[in-house]
Engineer: 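Have a look at this one before I ask anything.
Only a predicted model underlies this, so the values are computations on that prediction, with no experimental measurement involved.
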Amino acid sequence: MALNDIKIKALKAESKAYKVFDGNGLYIYVTPTGSKKWRIKYRFGGKENIFSVGYYPQISLREARAKVLEIKEMLSQGINPAEEKKKDTPTVGGTFKEVAAEWLEKQTAKWSIDHKQTIAYRLEHYIYGQIGSMDVKEITAPQVLAILRKFEEQGKTDITKRLLNIISQVFRYGVACGHCESDPCRDLKGALAFHKSTPRAAITDPKEVGQLMRNIKAYPSGTVQQALLWSAYTFCRPKEVRQAEWQEIDFERGLWIIPAEKMKMRREHRVPLSRQCLEILERQKGFHEK
């Protein structure tokens, strides 16, 4: 029976992978992790072959069926679709480290220097030692999982998620550029037991906000107290507050101009400074001059 989107979306993961056919050799292969891959079965030279089309829903049912027609046309001309696919796919390949370095360089225009250095550090210290020298096309989901398990077992949920995201981005870049055919991180869905974090409730009651400000002002006078007040008045991130420099302050216009290279999106950020902020700066000058 022919497939449709409703039927495909209803397909659930089972303990073992299974196939659901559409027709003309096209079927969807459902893995135990829930991934759905389009494949086309055909015969060439008396032998059965499998042509991998891609993942659903990235590749729609209509696109998968269109690929069936392309393959039929190739077969009618005596062309093996699998061999033709190899010709069409760039043979750049390379190791995971080489592909990651290429991907990292492409992010320079949209990342801050600090963010890029952080990603490079994680690649170098946590990932390259395990899969850096491996051919990116040969890396499997279990090999990626082995990297992440070490941090998961230590309860380091945040770094586990971040490393998974980095590795997946490298593979997705690799797929787009023809270095590899798929992202093995897709098949890790459900393999990692991430603990749900409990976000701290924001203070929205005016009375509680007032009490917070009184608590900060009651804190021993010094740089820490001034930084807490500065954060409350500007609503800037802790890192931005810590790295603020005198040359970024425009006293005449009452502006704090944070350079683009310090911002995650690499765009200059302008923060209007209230009277209280300017008073904090004057006090900080006094601390430094003592």
Side-chain angles (χ1 to χ4, degrees), residues 31 33 35 54-55 58 89-197 199 227 236-245 248 258-269:
T31 71
T33 60
S35 295
Y55 287 84
Q58 285 77 16
T89 303
T91 56
V92 283
T95 65
F96 180 88
K97 184 173 183 178
E98 290 169 341
V99 176
E102 184 180 316
W103 164 75
L104 194 60
E105 190 57 35
K106 297 291 184 182
Q107 313 310 312
T108 300
K110 57 183 179 181
W111 284 353
S112 68
I113 295 174
D114 284 349
H115 185 63
K116 183 178 178 181
Q117 288 177 341
T118 298
I119 300 300
Y121 178 90
R122 288 170 178 162
L123 282 164
E124 186 68 43
H125 289 79
Y126 304 141
I127 300 171
Y128 286 161
Q130 306 296 316
I131 60 175
S133 61
M134 295 179 63
D135 187 323
V136 71
K137 299 189 295 294
E138 304 299 326
I139 297 172
T140 63
Q143 289 168 327
V144 174
L145 183 61
I147 298 173
L148 305 175
R149 280 277 191 242
K150 295 178 181 179
F151 297 94
E152 181 195 36
E153 290 168 357
Q154 296 173 40
K156 297 179 178 179
T157 302
D158 184 64
I159 189 63
T160 303
K161 288 182 178 179
R162 292 179 187 277
L163 293 181
L164 174 60
N165 183 52
I166 291 171
I167 295 170
S168 183
Q169 286 190 65
V170 172
F171 275 111
R172 279 182 277 153
Y173 173 80
V175 171
C177 295
H179 295 289
C180 53
E181 293 187 357
S182 64
D183 171 15
C185 295
R186 292 176 182 271
D187 294 326
L188 295 182
K189 184 179 178 180
L192 292 162
F194 291 125
H195 298 289
K196 290 186 178 180
S197 60
C236 285
R237 296 182 179 90
K239 185 177 181 180
E240 293 162 2
V241 174
R242 292 198 309 272
Q243 295 183 348
E245 300 178 68
E248 297 170 3
I258 306 176
E261 58 268 21
K262 285 189 177 182
M263 301 302 298
K264 190 172 184 179
M265 301 305 293
R266 300 206 70 176
R267 290 198 298 265
E268 182 180 271
H269 183 52

Engineer: Calculate, to the nearest 0.5 Å, the distance between atoms CD1 and NZ belonging to I159 and K150 respectively.
Structural biologist: 13.5 Å

Engineer: Compare all side-chain heavy atoms of I166 with those of F171 and state whether any distance is below 4.5 angstrom.
Structural biologist: no

Engineer: Could you name each residue pair satisfying salt bridge (Lys or Arg N to Asp or Glu O under 4.0 Å) that touches residues 114-128, not counting sequence neighbours?
Structural biologist: E105-K116, D114-K239

Engineer: Side-chain contact, heavy-atom cut-off 4.5 Å: T95 with V136?
Structural biologist: no

Engineer: Would you compute the distance between atom CZ of F96 and atom SG of C180 and round it to the nearest 0.5 angstrom?
Structural biologist: 9.5 Å

Engineer: Give the minimum heavy-atom separation between L104 and A120, together with the two atoms involved.
Structural biologist: CD2-CB, 3.8 Å

Engineer: Could you list the residues that satisfy side chain to side chain contact (heavy atoms under 4.5 Å, CB included) with A141, not counting sequence neighbours?
Structural biologist: P184, D187, L188

Engineer: Of the non-hydrogen atoms in D135 and K137, which two are nearest, and what is the gap between them?
Structural biologist: OD1-N, 2.9 Å

Engineer: What residues form a side-chain hydrogen bond (donor to acceptor under 3.5 Å, both in side chains) with K156, not counting sequence neighbours?
Structural biologist: Q154

Engineer: Sequence neighbours excluded, which residues qualify as side chain to side chain contact (heavy atoms under 4.5 Å, CB included) partners of E240?
Structural biologist: C236, R237, W256, I258, M263

Engineer: Taking only residues two or more places apart in sequence or in another chain, which ones pass side-chain hydrogen bond (donor to acceptor under 3.5 Å, both in side chains) with T31?
Structural biologist: T33

Engineer: As an exercise, state the distance from CG of L164 to CG of L148, rounded to the nearest 0.5 Å.
Structural biologist: 5.5 Å

Engineer: Once rounded to the nearest 0.5 Å, what's the spacing between atom OG1 of T160 and atom CG of N165?
Structural biologist: 12.5 Å

Engineer: Which distance, rounded to the nearest 0.5 Å, do you find between the CD of Q143 and the OG1 of T140?
Structural biologist: 3.5 Å

Engineer: According to side-chain hydrogen bond (donor to acceptor under 3.5 Å, both in side chains), who are the partners of Q58, at least two apart in sequence or on a separate chain?
Structural biologist: none

Engineer: Quick check for you: to the nearest 0.5 Å, what is the distance between K161 atom NZ and L192 atom CG?
Structural biologist: 10.5 Å

Engineer: Kindly write out the residues that satisfy side-chain hydrogen bond (donor to acceptor under 3.5 Å, both in side chains) with Y128, not counting sequence neighbours, or none if the list is empty.
Structural biologist: none

Engineer: Looking only at atom types and distance, does a side-chain atom of E138 sit under 3.5 Å from a main-chain N or O of M134, one as donor and one as acceptor?
Structural biologist: no

Engineer: Run the side chain to side chain contact (heavy atoms under 4.5 Å, CB included) test against E245 and tell me which residues pass, sequence neighbours left out.
Structural biologist: Q247, E248, K262

Engineer: Any sub-3.5 Å donor-acceptor pair from H115's side-chain atoms to W111's backbone N or O?
Structural biologist: no

Engineer: Could you list all the ring-ring contact (aromatic ring centres under 6.0 Å, His included) pairs where at least one residue sits in residues 142-168, not counting sequence neighbours?
Structural biologist: Y126-F151

Engineer: Any non-hydrogen side-chain atom of E102 less than 4.5 Å from a side-chain atom of H179?
Structural biologist: yes

Engineer: Could you work out, with ring-ring contact (aromatic ring centres under 6.0 Å, His included) as the rule, every residue matching H269, not counting sequence neighbours?
Structural biologist: none

Engineer: Mind checking side chain to side chain contact (heavy atoms under 4.5 Å, CB included) for S168 and listing every partner two or more places apart, or none if nothing turns up?
Structural biologist: R172, D183, C185

